Each structure stands twice: as structure tokens, then as C-alpha cells.
Amino acid sequence: MVSDSIGAVHAAACGGAPGAVSDAAHSVPCDAACSGTAPSGPVCVGAPALNGTELSEPASKVLRALEGAGYEAWIVGGWVRDAMRGAPSHDVDICCAGGWQENERALETAGIRVIESGTRFGGITAVCEGERIEVTTYRVDGFYTDGRHPEQITSASCVEDDLARRDFTVNAMAWHPERGLLDLYDGAGDLERGVIRAVGEPRRRFEEDALRMLRAVRFACRLDFAMDPATACALAACAPLLDAVARERVGWELDGILATGHGGDALIRYPELMCAAIPELAPCRGFDQHSRYHAFDVYDHIARVLTVAGELAAARIDGGDPSRPPSPSLMWAALLHDIAKPDCFTLDERGNGHFYGHPELGARKAEAIMRRLACPTELIRDACLIIRYHDLPLRAERTDLLKMLGLLSGEGLDTARLANELFDIKRADTLGKAPSCFYYVEEIERMREMVRELLANHEAYDLQSLALGGRDLIAAGVKPGPRIGELLKRALSGVVDGVVANDRADLLAFLKLD
Ligand code: ATP
Ligand code: MG
């Protein structure tokens, strides 16, 4: 790292505005920064803060313990980025001049517990007052997210070299309560402009670690940022490199993209990369639906459905907390609901396209895709249920809705949530078609309301919710055996068809057991 680079430092210490050089701030001369020893300087009084975000007391203690032992240390990564944006920051990462054993010793001497979490790569975890703080040694190697783990890491002599290996400018800033902000790549400028830009030459950085491409999209979606043009070009060109990345890492990042609620943007803006992540999406691109009900090809339709589903989650039409990320099963279902359309396409004699059987085949394909990406079993189960029934013809009619609830019930299933998500996907699916279909949204909301009432009234839709059980039948004189199951099913049909109320006495009378 060259000495001039320090000219790019923005200093913002003890509560300075993003990028502003406050009077209290001072940047360290490069020799000091590169010496790896902690320079002495004025100590902030009170909790140190960046742009109004206070560094937690445990993180301050860890930093002080390391520097007190003579090892320069900086706060790096997501905490700095988020604090600069004035957004709440979560975990704190510290990088430090000491080797991991030295850091460990320094922390333990200060009475801070240490977990040897990633010592192969120079990392330990400090546990201070219940908070976990990652501490890594300055190093020049990458992050090894694509399985190319080196035998040993190469440590770096200064923080600048450590920052150079980081992925994006907004993630490559370091901050210290006294020394201020070290921003060699204009991360602060990119934050202000709303841009994700690779540190260094984007193609080289993606060749080093292809997972960074999905990280770029995840951060762009999460922060609602644009992609710097050169980085965007490299994303398209390097997309095939994603094949080398372990599938579970791809699944993890995709899940992160979906959790932002802006997965639709990811599909539209970065189609090469998204199709590399899920190759089954590729045949959907440009696939004409030959239908007056569809204004978009299959891929663009999926993107719109994903966008609307994300917006629904943000608007929390289900009455939930809007700050919570959208339900993963809804997002995965939106992404994969029409994945089998190209396989199921037929054209009738009048030139109209049909996709018979696409929900069932789609659910099977989605299961295979999600398994490959190592998604959790329950997430796969829920998403595939929604996909299987997303096209189920439904009317705002009691029996229809109880039957639908029955389809979404079973051991371990949260039927009420799944029903809401089915209505979400139906609504999003409708709004992703042609405007002539939009009238159906009102019907969907009527059904959602009816289902809410049915559940509040404890109507039966499965044997669990039936007010009659096997024991009641035995008590009423029925011999244990297969007849019990048959009678319970008959009772359930009676309730679903509206012939009898979900009440034990009424149901016993309905079954005419004598
Ligand atoms: P989040 O809020 O998602 O935790 P983060 O920026 O803290 O965001 P992490 O995955 O926790 O992201 O990584 C911490 C820091 O490590 C990043 O800010 C970045 O500087 C660096 N980093 C992580 N993964 C990579 C990678 N694959 N290539 C380069 N740098 C990386
Ligand atoms: Mg982090």
C-alpha cells in the first residue's frame, strides 16, 4: 500500500458526519498506520460514536485491550458501513495487527473470554458482556468462500493491505474512535451516491472469489443501491464462475437476496448471475406465454411477482411487523412458482398458450432446486406447498376455503400463516399478469378476510381442528378400529360442506351412531 493513499482518508471521529473531517478528528500518518503498533492519541470521553452510532461498550473494551497490549486495531466491515449510513449496526468486526495468539493473550489478560473460532484464518471471537466480537489478524488472503482454502494465511503488515482484500468500497472502510475513518477507496462517496463498487479490478476480484458476485447483488438489493457500471459488467461476464462455488453458499446468498424483499430487482438487473445461481430460470427468460392474460414473458412475470410479494411483506397486509424481513417461504415460492412453465407449455389451435400441470411439476422442481441449495427442510416443505396450490381455483365460498385450509394442514404446518402466504402469492401472481386480471385482487382479499373469520370461529378443516376425536367415538360406544377413522372423515366432510356445526354433540348426532 502506497503512502499517498492516506490522502484519501476521510476522518470522522467521535460523532462526526459521514465523510466530514471534523476538528476532533485526525488521521494517522501512514508510518504510524503501517507500523502495526497502536499510536497513542487523545481518548474519547463517553461512548465513542461514528455518525451518531455508538460503539458498544464491550466492543470498545476489546479494542482498548488489543491496543493496550500494543497491537493496532480498527473497527471494519458492516458496522462502519451501517453507522456511516446512520442505520442501526449489528455485529462488530475488528481487525488487528497482532497475530491471533497475541490477540488472544491480550484479551485474556484484560479478562475477556476468547473462543478460537477461526484461528486457521487468523480469527478469534471475543465474548465480552455477552456480546461476540470477531477479531481477525491483518491479512492479505481472500475470504475463501468458494472452497479454495489455503494451507495457511499470509498476514499483512498494515491495515491498508487488509482493506485492499475486502470486497466492496462500502465494506472496505476502517474506523477508530480516536484515529477516525480510514477510507482508501471512497466508500463514503459510494455510500452517498448509492453505489456498490468492487475494490480494485472487478473481474479479478470475482475471479478470486465468485461468491462476491452474489454478495454484490445482496448488498445492492438490501441498501437499494445501483451497481457501479464496471462492476455490473463484470457480474454479467463472470456469472458462469458461480458454478465453482459450493451450492450451499449460493443458497445462503440467494436467501439473503430474497430476504431484502427486492429479489425482483435482482432478477431484472442481473439476469445472467441469477440464471447462473438457478440454471432452471434460464429457459424462462424471453419465454412468450402466448396469452392475453399475460403482459410479460415467464421470467419477467416471475420478477414482478417477486417484487409484489416483497412489497406485500413490507406493507404487512397480514397485520405483522413491517420491519421484519419477508417470510422466506413466500419469497422462495414467488421465485420458483412458475419454474416449470417452459416444461408444461402447449399451444391450442387458436394460438393460446397453456401450462397445464405447471404447479405440481413446479413444486417438484422447486424441491430439487432448494435441496441442491441446502435450504432448510421446513422451508422447502412450506415453499413447495404454496407453489403446488398457487394456481388452485378458489372462490370466496366457505366450503372452498375450508378445503384449501385442509390442503395446507398437516403435522408441523402453520396453516394460518401458509393460507396468508397463499393469498399473498395469488395476489402477487395476479398483479404480475395483464391489467385485465387485476379485478381478481378484490376477490383474493375477500377470501383472506373470510379465512380469518373461519379460523377465528374455530371451523374445522382437518381432523385436528374437528371438535370430535377418536376418544369421543369410543366413549360413545364405537369399537376401536378403522371405522373410527371413517367416521371422523365423514364428520369432517359434514362440517366442511356446512351440513353440521363443528360441535361435539352436533357431530355425534350427525353420525347417527346407534
Ligand atoms: P452483514 O451486515 O451482512 O453482516 P458485513 O459487511 O458485515 O455485512 P460480513 O459477511 O459479515 O458482511 O463480512 C464482514 C466484512 O468482511 C465485509 O464487510 C467485507 O469487508 C469482508 N468480506 C466478507 N466476505 C468477503 C468476501 N467474500 N470477499 C471480500 N471481502 C469480504
Ligand atoms: Mg457482518
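If you're wondering where the values come from, they're calculated on a predicted model, not measured in any experiment. Whatever order the structure lists ligands and atoms in, that order sets their numbers, starting from 1.
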Problem set entry | Pair C96-E72, side-chain contact (heavy atoms from CB on, under 4.5 Å): steps then yes or no | CA-CA 6 Å; C96 180; E72 181 191 83; over 6 Å; no

Problem set entry | D382/W332 under side-chain hydrogen bond (donor to acceptor under 3.5 Å, both in side chains): CA gap, chis, key distance, verdict | CA-CA 9 Å; D382 289 358; W332 279 95; over 6 Å; no

I'd like to check which ligand 1 atoms, numbered from 1 as shown, lie under 4.0 Å from a non-hydrogen atom of [X].
X    : value
R218 : 3 (O)
G78  : 5 (P), 6 (O), 7 (O), 18 (O)
G77  : 18 (O)
R212 : 26 (C), 27 (N), 28 (N), 29 (C)

I need the contact type for [X] against ligand 1. Using non-hydrogen atoms and a strict under-4.0 Å cut-off, is it side chain, backbone, both or neither?
X    : value
L211 : neither
F219 : side chain
R222 : side chain

Problem set entry | Shortest reach to atom 27 (N) of ligand 1 by a heavy atom, considering only D209, V80, D82, T169 |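 Going through D209, V80, D82, T169 one by one, D209 has the nearest heavy atom to atom 27 (N) of ligand 1.
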
Exercise. Counting heavy atoms only, which of R249, R81, R215 is nearest atom 12 (O) of ligand 1?
Worked result: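 Among R249, R81, R215, the closest heavy atom to atom 12 (O) of ligand 1 belongs to R215.
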
For this session: May I ask whether R165 has any heavy atom positioned less than 4.0 angstrom from an atom of ligand 1?
Result: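 Yes, R165 has a heavy atom closer than 4.0 Å to ligand 1.
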
Exercise. Taking only residues two or more places apart in sequence or in another chain, which ones pass side chain to side chain donor-acceptor pair (under 3.5 Å) with D300?
Worked result: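 Checked D300 against side chain to side chain donor-acceptor pair (under 3.5 Å); zero matches.
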
Problem set entry | Derivation and outcome, side-chain contact (heavy atoms from CB on, under 4.5 Å), residues L258 and L306 | CA-CA 9 Å; L258 293 174; L306 202 44; 4.0 Å; yes

Exercise. When rounded to the nearest 0.5 angstrom, what distance separates SG in C384 from CD in E367?
Worked result: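 Reported value, rounded in 0.5 Å steps: 5.0 Å.
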
Exercise. Is the shortest distance from a Lys or Arg side-chain nitrogen in E421 or R417 to a carboxylate oxygen in the other one below 4.0 Å?
Worked result: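 Looking at E421 and R417, the cut-off is met.
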
Exercise. Polar-atom distance check: D91 versus ligand 1, any N or O pair below 3.5 Å?
Worked result: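 Between D91 and ligand 1, no N or O pair is found under 3.5 Å apart.
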
Exercise. Restricting to pairs with a member in residues 92-112, which pass salt bridge (charged side-chain N to carboxylate O under 4.0 Å, His left out), not counting sequence neighbours?
Worked result: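 Residue pairs passing salt bridge (charged side-chain N to carboxylate O under 4.0 Å, His left out), neighbours aside: none found.
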
Exercise. Is the count of non-hydrogen atoms from other residues, nucleotides or ligands lying under 6.0 Å from Q101 atom CD greater than 12?
Worked result: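 Yes.
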
